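Working notes, structure below.
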Amino acid sequence: MARTAAPAVLASLATLAALTGCGSGGDDRPGPEPSGVKRVLRLATASDVSQEPVRQNLIRAWDAARPDVEVEFVHLPTATDDARSQLVATLQGDRAAYDLVNMDVTWTAEFAAGELIRPLDGDPLEGMWEQVASTARYGEDIWAVPFNTDAALLYYRTDVWRDRDWKPPRTWRDLERAAAAATDEAQVTEVFEHGYATQLGEYEGLTVNTLESVWASGGELVEKKDGSATAYEVRAATPRTEAGLRNLADRYRRIMPPEVRRATELDTLRMFERGEVAFMRNWPYVYNVLDAKMAGKFGVVPLPGPKGRGASVLGGQNLAITAGSENAGPARELLDHLAAPEQQRCLLDGGFAPVLKVSYEPEGPKCSLTGSAAPGGGADGEGGETGRTGTAEVGKPGEAGKPGEPGEEAAEPDSGAGPGPGGLPPYTRALTEALGTARPRPVTPYYAAFTELIQAEVHPSLRQNPDEGTVASERLDKELRQVMEGG
């Protein structure tokens, strides 16, 4: 079974993090170890905040079946920015410090450009959404394979509306009206302090929400140049982008709690659980966390847009093999295993977004984990899904527009409790539709500077008094030009 590295070597945390997977280069794979000698694969990853350690269980199951290999988890800080800083510093000092690194999808280009990870042979991206596969490419090569992806969902209370025909919001205007209604005792049986919560703390969550608001207004912060995989044009000073920046600040003042300005995913989850807000933007893993405490009282739909469903930022993790690893062979075998359909289905059952489309099909492969290791598995040794009675609602899928543009007006949502066809989790349809319109963040080795600048410029605009601060889009435009050129 996998062991934990010594505290002096790592920032030890209680649970495993998002693990993701793919293969490594081929020609430099080392040969087998002498008989009886185990290879130790050191995997650096951040802390897992999910309800069940399904990703850790997948690693442990592979480890248990391999007498020649032992996986050692090295835990990084939970905060994305802190995890990246520690990982970069360690690998720049010793490229063989780890064999495998779990990366936020936005790190891949930086790590590839810095030669901290190695390119992969073959075509390990088959069967994925193109926008998901794009997070693993840089230049002409593939540097990682996504293990799990992510698209945000809108969570809402289902049990408080006096109008029995109430439907979840499909547009931003719908959401703002519903958020106001949630504070009115004439319209709800349980009055909420505020309507809506999202992640506006000065960290990556703020960048994600900024991009989604800009896209919903038809704007862009940066846009890829034609024919280039890594060069971007800056569009921060356009009227539509300015409108998106302004809308984010206005919504904060109108329908969100003041403390959202410092909130993370966990903070907004707690607000929703405590009944402080009726609506919340968050990731799919939150569904199982809520279902354990609020079964039957909430539902999910894709994020709203201007005329129908909107576009979520594409999240997720990629797993890559370090440039200095001496165990590239077994590392690649582990990554290929994690990317297989049977393991991917386990992720869906555990509250995560698989990267393979087939994992969302009712007749697709079943989860490879059994007994207590399976998602929903209990002490009685029975695996599978248990106790899910939340509601997952989604309009009839229409033809989506281009990424970031609204698709067709959503049809009347249908809803149901418990697992769907083929034992699929109840949030599957909403998640599949959200992934269909999700958009990746800029694929650039300068992403760390990009997100730091967005946070620094946007956060001061989030004031309860609108006269206290606005985003200076022309200044942002100028500074982004320097950042995207490596300046």
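Computed from a predicted structure; not experimentally measured.
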Exercise for the section: Would you check if the distance from the ring center of Phe272 to the ring center of Phe279 is below 6.0 Å? Expected result: no

Practice task
Examine the side chains of Asp174 and Thr171 and answer whether a donor and an acceptor come within less than 3.5 Å of each other.
Solution key: yes

Exercise for the section: Check ring pair (Phe, Tyr, Trp, His ring centres under 6.0 Å) between Phe450 and all other residues, then give those that pass, not counting sequence neighbours. Expected result: Tyr447

Exercise for the section: Apply side chain to side chain contact (heavy atoms under 4.5 Å, CB included) to Ala180 and list each qualifying residue two or more places apart in sequence or on a separate chain. Expected result: none

Practice task
For Arg254, check salt bridge (charged side-chain N to carboxylate O under 4.0 Å, His left out) against everything at least two apart and list the hits.
Solution key: Glu176

Problem - Polar contact flag, side-chain donor to acceptor under 3.5 angstrom, Asp104-Thr80 - result: no

Problem - Thr451 side chain to Gln455 side chain, donor-acceptor N/O pair below 3.5 angstrom - result: yes

Exercise for the section: Would you check if there is a donor-acceptor pair between the side chains of Trp161 and Gln187 at a distance under 3.5 Å? Expected result: no

Completion exercise
Ala448 meets the side chain to side chain contact (heavy atoms under 4.5 Å, CB included) criterion, sequence neighbours left out, with Arg84, Glu110

Practice task
Sort and list the pairs that fulfil salt bridge (Lys or Arg N to Asp or Glu O under 4.0 Å) and have at least one residue in residues 270-281, not counting sequence neighbours.
Solution key: Glu212-Arg281, Arg270-Glu273, Glu273-Lys293, Arg274-Glu276

Problem - Contacts of type salt bridge (charged side-chain N to carboxylate O under 4.0 Å, His left out), residue Glu130, not counting sequence neighbours - result: Arg137

Completion exercise
Those residues at least two apart in sequence (or on a different chain) that pass side chain to side chain contact (heavy atoms under 4.5 Å, CB included) with Pro445 are Ala109, Ala113, Tyr138

Practice task
Scan side-chain atoms only and decide if Asp99 and Thr322 contain a donor-acceptor pair under the 3.5 Å cut-off.
Solution key: no

Fill in the blank from the handout: Sorted by chain and residue number, the side chain to side chain contact (heavy atoms under 4.5 Å, CB included) partners of Glu242 (sequence neighbours excluded) come out as Ser473

Handout entry: salt bridge (Lys or Arg N to Asp or Glu O under 4.0 Å): pairs with one or both residues in residues 195-209, sequence neighbours excluded
Key = Glu204-Arg441

Completion exercise
Residues passing the salt bridge (charged side-chain N to carboxylate O under 4.0 Å, His left out) test with Asp184, sequence neighbours excluded, are none

Practice task
Go through the structure and list residues passing salt bridge (charged side-chain N to carboxylate O under 4.0 Å, His left out) with Glu190, not counting sequence neighbours.
Solution key: Arg157

Problem - Partner residues of Trp129 under the ring pair (Phe, Tyr, Trp, His ring centres under 6.0 Å) criterion, sequence neighbours left out - result: Tyr360

Practice task
Establish, yes or no, whether the cationic atom of Arg261 lies under 6.0 Å from the six-membered ring centre of Tyr252 and within 45° of the ring axis.
Solution key: no

